[in-house]
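These notes are about the structure you will find just below.
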Amino acid sequence: MGLQTILRTRVRFGETDAAGIVFYPTFFGWFDSGTHGLLRIGEAPSRGEGGGPKFPLPIVECGATFLAPLQFDEEIEIVSTVAAIGESSLRVEHEVRTLAGKTCARGFEQRVYVTIANGRPAKAPIPGDLRAHLEG
């Protein structure tokens with residue numbers, strides 16, 4: 001396992017559904033925020049030239065298992081961990097839990113580092129500085 005980040009927040013009203021629990025796509029937004037926390041290297045900007053992401057890593061696969069409901073205003077933490085790093089791929093695993101320690105969801109993202117050539121993304125090796133950072 002590599003680098004890990006913990007993002008703390010509260011469930012916002014707009015993140016809940018008609019049943020009063022967190023709407024499932026919200027978890028994927030939280031996962032994305034956790035991953036971007038992992039990609040942030042110190043105080044360096046996360047944006048590259050032109051304002052896009054400095055490290056373009058689109059998702060090629062993701063999934064989640066929902067274990068317990070969350071409701072408006074509950075305090076939570078999203079724990080994101082680099083689980084595996086390949087030549088051009090990265091697997092990040094996430095756990096959403098209450099501050100009391102109850103796990104409410106687990107998920108993952110499989111991402112691939114790309115460069116843009118002729119307006120099209122192309123798989124590329126993960127840059128050395130990013131790899132060293134993610135390995136912790």
Side-chain angles (χ1 to χ4, degrees):
M1 294 275 185
L3 186 66
Q4 184 177 82
T5 62
I6 298 175
L7 171 65
R8 289 200 171 135
T9 190
R10 285 184 181 267
V11 175
R12 297 176 298 179
F13 180 76
E15 295 170 327
T16 62
D17 62 15
I21 60 175
V22 171
F23 187 44
Y24 76 93
T26 301
F27 288 91
F28 293 97
W30 291 339
F31 296 167
D32 188 60
S33 293
T35 296
H36 286 282
L38 291 168
L39 298 176
R40 197 166 283 112
I41 298 177
E43 298 298 317
S46 295
R47 290 180 308 235
E49 293 180 24
K54 183 175 184 178
F55 301 114
L57 283 151
I59 294 173
V60 296
E61 182 182 6
C62 64
T65 302
F66 306 104
L67 305 166
L70 285 167
Q71 296 177 314
F72 168 64
D73 207 39
E74 283 193 80
E75 289 184 276
I76 60 168
E77 55 187 18
I78 300 102
V79 180
S80 301
T81 307
V82 175
I85 303 173
E87 180 183 334
S88 61
S89 64
L90 171 68
R91 182 181 173 94
V92 180
E93 295 180 352
H94 306 278
E95 182 177 336
V96 178
R97 60 188 182 211
T98 65
L99 294 190
K102 176 177 73 174
T103 300
C104 298
R106 288 192 182 96
F108 75 94
E109 297 171 323
Q110 187 73 32
R111 293 175 174 256
V112 173
Y113 186 80
V114 298
T115 58
I116 306 299
N118 298 321
R120 310 259 318 148
K123 182 173 82 167
I126 294 174
D129 58 339
L130 178 58
R131 176 180 299 282
H133 169 72
L134 294 172
E135 288 173 345

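- The stretch residues 98-107 participates, sequence neighbours left out, in these side-chain hydrogen bond (donor to acceptor under 3.5 Å, both in side chains) pairs: Glu95-Thr103.
- The closest donor-acceptor contact from the side chain of Asp17 to the backbone of Gly20 lies under 3.5 Å.
- By the 4.5 Å heavy-atom criterion applied to side chains, Leu99 and Ile76 are not counted as neighbours.
- What you find for Thr81 and Gly2 is that their closest heavy atoms are CG2-O, 4.2 Å.
- With rounding to the nearest 0.5 angstrom, the CD atom of Glu135 is 9.0 Å from the CD1 atom of Ile126.
- Between Trp30 and Leu7, the closest side-chain pair of non-hydrogen atoms is not below 4.5 Å.
- Taking each heavy atom of Ser80 and Gly34 in turn, the nearest pair found is OG-CA, 3.3 Å.
- Not counting sequence neighbours, Arg131 has no partner by the salt bridge (charged side-chain N to carboxylate O under 4.0 Å, His left out) test.
- Shown here for Cys62 and Phe28, the closest heavy-atom pair between the two residues is SG-CE2, 3.9 Å.
- For His133 (side chain) and Leu38 (main-chain N/O), a donor-acceptor pair under 3.5 Å exists by modelled atom type.
- When the side chains of ILVMFWY residues are joined at heavy-atom separations under 4.5 Å, either directly or via intervening members, Phe31 and Leu67 end up in two distinct hydrophobic clusters.
- Nearest heavy-atom pair across Glu15 and Thr26 is O-OG1, 3.4 Å.
- Across all non-hydrogen atoms, the minimal contact from Tyr113 to Pro125 is CD2-O, 3.4 Å.
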After noting the C-alpha distance and the side-chain angles of Thr35 and His94, does the key distance pass the side chain to side chain contact (heavy atoms under 4.5 Å, CB included) rule? CA-CA 9 Å; Thr35 296; His94 306 278; 3.3 Å; yes
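- For CZ of Arg10, the number of neighbouring non-hydrogen atoms (other residues, nucleotides, ligands) closer than 6.0 Å is greater than 12.
- Hydrophobic clustering (ILVMFWY, side-chain heavy atoms < 4.5 Å, transitive): Phe23 and Ile21 are in distinct clusters.
- The two atoms that bring Ala124 and Thr115 nearest to each other are CB-CG2, 3.8 Å, heavy atoms only.
- Hydrophobic clustering, with ILVMFWY side chains joined whenever heavy atoms are under 4.5 angstrom apart, groups Tyr24 together with Val96.
- Two residues are said to be in side-chain contact when any heavy atoms from C-beta on lie closer than 4.5 Å; Val114 and Leu57 fail this criterion.
- Judged by distance alone, with hydrogens and angles left aside, the side-chain atoms of Ser89 form no donor-acceptor pair with the main-chain N or O of Ile85 at under 3.5 Å.
- Looking at residues two or more places apart in sequence or on another chain, you find a side chain to side chain contact (heavy atoms under 4.5 Å, CB included) between Thr16 and Val11, Phe13, Phe72.
- Counting only distance, with no hydrogens or angles, the side chain of Arg111 and the backbone of Leu90 share no donor-acceptor pair below 3.5 Å.
- Exactly one of Val92, Val82, Val79 qualifies for a side chain to side chain contact (heavy atoms under 4.5 Å, CB included) with Gln4. That residue is Val79.
- Atom CD of Gln110 and atom CZ of Arg91 lie 6.0 Å apart (nearest 0.5 Å).
- Expressed to the nearest 0.5 Å, how far CD1 of Ile78 lies from OG1 of Thr9 amounts to 6.0 Å.
- To the nearest 0.5 Å, atom CZ of residue Arg40 and atom CZ of residue Phe55 are 11.5 Å apart.
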